[in-house]
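If you read the sequence from its start, that first residue is 1, and numbering goes on from there.
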Amino acid sequence: MIYNLELTLEEMQQQALLKGLKEGEQKGKLEGKLEGKREVARNLLLLNVDIETIVKATGLTPDEIAVLKKQLEQ
């Protein structure tokens, strides 16, 4: 009985660890995609592309692009 309980606890820990790893991997991918969009937006801003076009090209909001533009001006 105790052996079965130990196995169950170990399996639960392993499942929790795997779930955490998968969630972390997904979060990392999303953050990477967002950073890629920001990099494209920065490059387009440097090329003097209008904000409306950058919004369409990246999916970022005008406010997000405005923040990037301010960062480039500093």
Tell me whether Leu30 shares a hydrophobic cluster with Val40, the cluster being built from Ile, Leu, Val, Met, Phe, Trp, Tyr side chains joined at under 4.5 Å.
no
Pair Ile65-Val55, side chain to side chain contact (heavy atoms under 4.5 Å, CB included): steps then yes or no
CA-CA 8 Å; Ile65 295 167; Val55 167; 3.4 Å; yes
Applying side chain to side chain contact (heavy atoms under 4.5 Å, CB included), run through Leu45 and Leu68 and close with a yes or a no.
CA-CA 9 Å; Leu45 285 168; Leu68 295 173; 4.1 Å; yes
Can you confirm whether more than 12 heavy atoms, excluding those of Glu35, are under 6.0 Å from its CD atom?
yes
Where the side chain of Thr53 meets the backbone of Val49, is there a donor-acceptor pair that is under 3.5 Å apart?
no
Kindly indicate, with the supporting measurements, whether the criterion side chain to side chain contact (heavy atoms under 4.5 Å, CB included) is fulfilled by Ile54 and Asp50.
CA-CA 6 Å; Ile54 298 172; Asp50 64 284; over 6 Å; no
Quick one: do Glu31 and Arg38 make a salt bridge, cutoff under 4.0 Å?
no
Can Glu64 and Thr61 be said to form a side chain to side chain donor-acceptor pair (under 3.5 Å), step by step?
CA-CA 5 Å; Glu64 290 172 309; Thr61 66; 3.2 Å; yes
Ion pair present between Glu23 and Lys27, side-chain N to carboxylate O less than 4.0 angstrom?
no
Should Leu72 and Val67 be regarded as members of a common hydrophobic cluster, given that ILVMFWY residues are connected when their side-chain heavy atoms come within less than 4.5 Å of each other, either directly or indirectly?
no
Go through the steps for Lys29 and Glu25 under the test side chain to side chain contact (heavy atoms under 4.5 Å, CB included), then give the verdict.
CA-CA 6 Å; Lys29 285 181 182 180; Glu25 183 179 320; 3.5 Å; yes
Here the gap from Thr58 atom OG1 to Ile51 atom CD1, rounded to the nearest 0.5 Å, amounts to 10.5 Å
